[in-house]
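Attaching a single structure in structure tokens format; questions to follow.
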There are 2 protein chains.
Amino acid sequence: MTTTHSSSGPPARTPRGSARARLIAAAHQEVRRQGYAATTVDQICTAAGVTKGAFFHHFESKEALAVAAAEAWTERARPMFDMLPHTRLEDPLDRLLGHIDFRFSLLHGPVDGFTCFIGTMVQDAYATSEPIRLACEASIAAYCEALAPDIEAAMDAYGAPDGMTALDLARHIQSVLQGGFVLAKTTNDSAIARESVAHLTRYVRMIFGRT
Amino acid sequence: MTTTHSSSGPPARTPRGSARARLIAAAHQEVRRQGYAATTVDQICTAAGVTKGAFFHHFESKEALAVAAAEAWTERARPMFDMLPHTRLEDPLDRLLGHIDFRFSLLHGPVDGFTCFIGTMVQDAYATSEPIRLACEASIAAYCEALAPDIEAAMDAYGAPDGMTALDLARHIQSVLQGGFVLAKTTNDSAIARESVAHLTRYVRMIFGRT
DNA sequence: ATCTACATACCGACTGGTTGGTATGGTGTC
DNA sequence: GACACCATACCAACCAGTCGGTATGTAGAT
């Protein structure tokens, strides 16, 4: 309710000009819960509190919204790499472990609350929509590239197994997270994802010789 | 047209009594490519070479087929644990590493060829169908429980970090595989999944002190 | 062996509801 | 009053599921 209403004002009019952002946020929410194909345009509109007219004014198609939402998701993740306290630590390995700890700390509460929009969407869209797949690929790549510098620095400082690269390990971290999301969906519980990330933490510590 | 045809007989009639199995196999194929929601009953029927009449003769609903297909998938995986050469090895750690190597060896060729029916389906059905979610949970649990005895034996023989359990590690292995499938879908390439499993192999070796 | 009675397996046109997308009209802002 | 922004009404395509019917097998009585 943004406007004054004495009794239960019906439609709770949304501020003009915010429809695009609201639609993207609604897409994140709905797609994370149901996947891309199962989410209808009407559902997204209802969740966003706008009508179809607004939807197709801002986006050419459902697919176009998906691509825009993927880009927005990447932007949403950016603060993880420069705004959080652990990013100020001196030691690159501390920064890396701090990042994983942070991801671990997110794995609580209902499953819809921590799963990945990109990972969910790519599962049922990669074969049917190349634009969506490419947007998802770009988003994952951006995450891994943001993680790589600290890994690289840790490798320089502490050494690393032969044949391992920074991007390699970054992708493995992402892989464990995505796998944890999938398993959490099977049990409808976050514990199984935390377990897996705990193994990941142990692995990273062992690689760099930190007990 | 069930009768004899001289030139290119069109529909290639399927043997009577095989419809149920064909439908399940078709569901595995189609759902792995597109997810559950995006796959239509007609698509499954076409892929199976039967009609809708046959579909609803054997299954009460699309959801019922999904549950049956999940159970069939579990059965399909069973030979992995008792028919393969590495399962005859003496050392439990060798059996475990052999299993992971085997999973690694499957990660080649087109993405649809190696991804997991269960992991794909649970992503867009866990919130909308409790029966499907439960069937997926059971399938994953069965896999982990089949893997656990060798891990347990390896822990007894070689020791293991405090607080780690066999089921724990089994679930982590499954998690890395599922995560690899997701990442492979973003790049539409199997390499990224192999990378991640290579990290997993290194982790398991490090845990049990085998260099 | 043949006939009757019934069960199982399958076919494909049809239906009521849903979907992504469109056409058109209204409303606030510069 | 022009233009971006959004609402409402609508449509053709598509969807899961239904239904009347056919084809094939089979068990028992004669």
Side-chain angles (χ1 to χ4, degrees), chain A residues 1-4 9-27 30-31 33-69 121 124-125 128-132, chain B residues 1-5 9-27 30-31 33-69 121 124-125 128-129 131-132:
Chain A
M1 303 215 197
T2 51
T3 54
T4 34
R13 185 151 281 302
T14 60
R16 196 179 166 85
S18 68
R20 189 189 154 89
R22 295 175 65 87
L23 282 165
I24 286 179
E30 298 299 304
V31 170
R33 222 163 43 85
Q34 318 180 28
Y36 174 71
T39 301
T40 71
V41 171
D42 282 318
Q43 257 172 45
I44 295 173
C45 290
T46 301
V50 303
T51 61
K52 268 183 148 168
F55 186 104
F56 285 100
H57 173 72
H58 288 287
F59 304 101
E60 224 185 4
S61 64
K62 186 188 175 189
E63 186 184 50
L65 166 67
V67 171
M121 186 163 69
D124 71 327
T128 44
S129 166
E130 189 70 358
I132 291 180
Chain B
M1 301 194 197
T2 54
T3 51
T4 32
H5 269 287
R13 187 154 277 303
T14 59
R16 191 182 167 85
S18 68
R20 188 190 154 90
R22 296 175 64 87
L23 282 165
I24 286 178
E30 298 299 302
V31 170
R33 223 164 41 83
Q34 317 179 31
Y36 173 71
T39 301
T40 70
V41 170
D42 281 317
Q43 258 173 43
I44 295 174
C45 291
T46 302
V50 304
T51 62
K52 267 199 157 147
F55 185 104
F56 286 100
H57 173 72
H58 288 287
F59 303 101
E60 222 185 10
S61 64
K62 187 188 173 189
E63 186 183 50
L65 165 67
V67 171
M121 186 163 70
D124 70 327
T128 43
S129 166
I132 292 180

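Letters A, B, ... are given to chains in the order of the sequence lines, protein chains preceding strands, and every chain is numbered from 1.
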When rounded to whole Å, the CZ to C1' distance for the pair B/F55 and D/dA16 reads 9 Å
Let me know the distance between CZ of A/R22 and P of D/dC6, rounded to the nearest Å.
10 Å
Length of the CG-P vector between B/D42 and D/dA16, whole Å
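After rounding, the reported distance stands at 7 Å.
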Between C1' of C/dT19 and CD of A/Q43, the distance in whole Å
11 Å
To the nearest angstrom, how far is B/E63 atom CD from D/dC15 atom C1'?
16 Å
What is the minimum heavy-atom distance between A/A27 and A/I44, and which atoms define it?
N-CG2, 4.1 Å
Minimum heavy-atom distance between B/R20 and B/A68, given as atom pair plus value
NH2-CB, 4.0 Å
Nearest listed nucleotide, side chain of A/V41, among D/dA7, C/dG20, D/dT18
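Side chain of A/V41 sits closest to C/dG20.
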Would you kindly say whether B/T39 and B/E30 are connected by a side-chain donor-acceptor distance under 3.5 Å?
no
Name the closest nucleotide to the A/F56 side chain, picking from D/dA16, C/dG20, C/dC11.
C/dG20
C/dG20 OP1/OP2 closer than 4.0 Å to side-chain N/O of A/K62
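True: A/K62 side-chain N/O within range (under 4.0 Å) of C/dG20 OP1/OP2.
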Phosphate OP1/OP2 of D/dC5: any A/H57 side-chain N/O under 4.0 Å:
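For D/dC5, OP1/OP2 do have a side-chain N/O of A/H57 under 4.0 Å.
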Does any donor-acceptor pair link the side chain of A/K52 with the base of D/dA7 at a separation under 3.5 Å?
no
Please confirm whether the backbone N or O of A/A37 pairs with a side-chain atom of A/D124, one donor and one acceptor, at under 3.5 Å?
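Judged by distance alone, yes, a pair lies under 3.5 Å.
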Of the listed nucleotides (C/dG21, C/dC11, D/dT8), which one gets closest to any side-chain atom of A/T51?
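Out of C/dG21, C/dC11, D/dT8, the nucleotide with an atom closest to A/T51's side chain is D/dT8.
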Take atom CD of B/E60 and atom P of D/dA16, then tell me their distance rounded to the nearest Å.
16 Å
Minimum heavy-atom distance between A/A69 and A/I24, given as atom pair plus value:
CA-CG2, 4.1 Å
Residue-phosphate contact under 4.0 Å: B/H58 side-chain N/O, C/dT8 OP1/OP2:
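The answer is no; no side-chain N or O of B/H58 sits under 4.0 Å from OP1 or OP2.
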Which is more 5' along DNA chain C, the nucleotide nearest A/A37 or the one nearest A/G53? Just name the residue.
A/A37
